[in-house]
Amino acid sequence: MKRMLYASPVLIAMIFGGFFLWGLNPERDPNAIPSVLISSPAPEVTLPEVAGTGVPGFSHADLVGDGGPVVVNIFASWCVPCRAEHAVLTRMVNQDGVRLFGINYQDQPEDALRWLNELGNPYERIGSDLNGRAAIDWGLTGVPETFIVGADGTVLYKHVGPILGNDAISAFTTALEQARQEGSS
């Protein structure tokens with residue numbers, strides 16, 4: 001028993017040291033959160049439109065069969081990073097022909113409508129997720145999150161946080177281009 005008592009500080013120091021070294025690894029991305037959805041079918045959701053927007057909601061069936069990938073962005077009007085990435089998503093839609101669907105997460109319809117009227121609406125479809133159930137199905141860890149769904153309805157890529165900065169935009173557009181190539185082959 002005494003040996004265990006003498007060894008416990010060393011064992012605790014080794015555990016903390018291991019975490020310290022793991023945290024210092026320069027190749028580790030602290031924002032990388034693996035998703036169990038990657039390579040799995042997109043969640044079976046049916047989301048009504050956000051009242052007052054005039055933009056249809058969507059279901060799983062709307063994500064498949066049009067021959068190309070769909071980008072699904074989970075956003076909210078109260079989300080500051082969502083506001084920051086909105087211009088990037090709008091540019092991707094206008095310049096690159098991205099098909100963008102939105103999941104409006106735990107947002108009052110009048111707030112979402114005001115936000116879209118102020119910033120513009122790049123979304124082809126927007127589903128209302130007032131109670132947050134659909135976001136749970138998508139494995140949401142925080143807004144915004146953006147997914148690339150292949151033409152067959154398979155989730156191919158997940159981006160956590162706003163798509164901002166050259167590295168994030170480059171990684172996202174590369175993943176989108178790969179999804180487009182897979183869809184055309």
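Numbering of residues begins at 1 and proceeds along the displayed sequence.
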Should Asp137 and Arg133 count as an ion pair when the cut-off is N to O under 4.0 Å? yes
Nearest 0.5 Å, what's the CG-CD1 distance between Asp129 and Ile74? 7.5 Å
CG of Asn104 to OG of Ser77, rounded to nearest 0.5 Å, is 6.5 Å
By the salt bridge (Lys or Arg N to Asp or Glu O under 4.0 Å) test, which pairs, at least two apart or in different chains, include something from residues 68-87? Arg83-Glu118
Let me confirm one number: the CD-CD1 distance from Glu145 to Ile103, rounded to the nearest 0.5 Å. 10.0 Å
If two hydrophobic side chains count as joined below 4.5 Å and joins carry through other members, does Ile126 share a cluster with Val45? no
Restricting to side chain to side chain contact (heavy atoms under 4.5 Å, CB included), what partner residues turn up for Ser59, sequence neighbours left out? Thr46, Ala61, Asp62
Taking all atoms of both residues into account, what is the closest heavy-atom pair of Leu47 and Gly127, and its distance? CB-CA, 3.5 Å
Nearest heavy-atom neighbours spanning Ala112 and Val50: CB-CG1, 3.9 Å
Taking Asp96 for its side chain and Val98 for its backbone only, find out whether a donor-acceptor pair lies under 3.5 Å. no
What distance separates Cys79 SG from Tyr105 OH, expressed to the nearest 0.5 Å? 10.5 Å
In this structure, would Leu37 and Leu156 fall into the same cluster of hydrophobic residues linked by side-chain contacts under 4.5 Å? no
Donor-acceptor contacts, no H, no angles, side chain residues 160-179, under 3.5 Å, sequence neighbours left out:
from, atom 1, to, atom 2, distance (Å)
Thr173, OG1, Ile169, O, 2.9
Thr173, OG1, Ser170, O, 3.1
Thr174, OG1, Ser170, O, 2.8

Co-membership, hydrophobic cluster, residues Phe75 and Ile136, 4.5 Å side-chain: no
Least distance between heavy atoms, Lys158 atom then Gly139 atom: NZ-O, 3.4 Å
Any chance you could measure Ile148, atom CD1, to Asn73, atom CG, to the nearest 0.5 Å? 11.5 Å
Using side-chain heavy atoms (C-beta onward) and a distance below 4.5 Å, is Pro69 in contact with Glu182? no
Is the Phe147 ring parallel, tilted or perpendicular to the Trp138 ring (thresholds 30°, 60°)? tilted
Audit row: Leu116, Tyr123, side-chain contact (heavy atoms from CB on, under 4.5 Å) steps and yes/no: CA-CA 9 Å; Leu116 291 168; Tyr123 299 99; 4.1 Å; yes
Side chains of Arg91 and Val88: does their closest heavy-atom pair fall under 4.5 Å? yes
Using atom types as modelled and distance alone, determine if a side-chain donor or acceptor of His86 lies under 3.5 Å from a backbone N or O of Pro122. no
Return the set of residues passing side chain to side chain contact (heavy atoms under 4.5 Å, CB included) with Gln108 (not counting sequence neighbours), or none when no residue passes. Glu110, Asp111, Leu130
Check for me, please, whether Leu89 and Phe101 land in the same ILVMFWY cluster - side-chain distances under 4.5 Å, paths through other members count. no
Main chain of Pro56, side chain of Arg125: is a donor-acceptor contact present, judged purely on distance under 3.5 Å? no
Quick one: closest heavy-atom pair of Ala42 and Val149, and the distance? CB-CG1, 4.3 Å
Nearest 0.5 Å, please: how far is CH2 in Trp115 from CH2 in Trp78? 11.0 Å
Count I, L, V, M, F, W, Y as connected when their side-chain heavy atoms are under 4.5 Å apart, and connections chain through other members. Are Leu100 and Phe58 then in the same cluster? no
With sequence neighbours excluded, residues passing side chain to side chain contact (heavy atoms under 4.5 Å, CB included) with Asn94: Thr90
Can you sort out the partners of His159 under ring pair (Phe, Tyr, Trp, His ring centres under 6.0 Å), two or more places apart, ordered by chain and number? none
Is a donor from one side chain sitting under 3.5 angstrom from an acceptor on the other, for Glu49 and Thr53? no
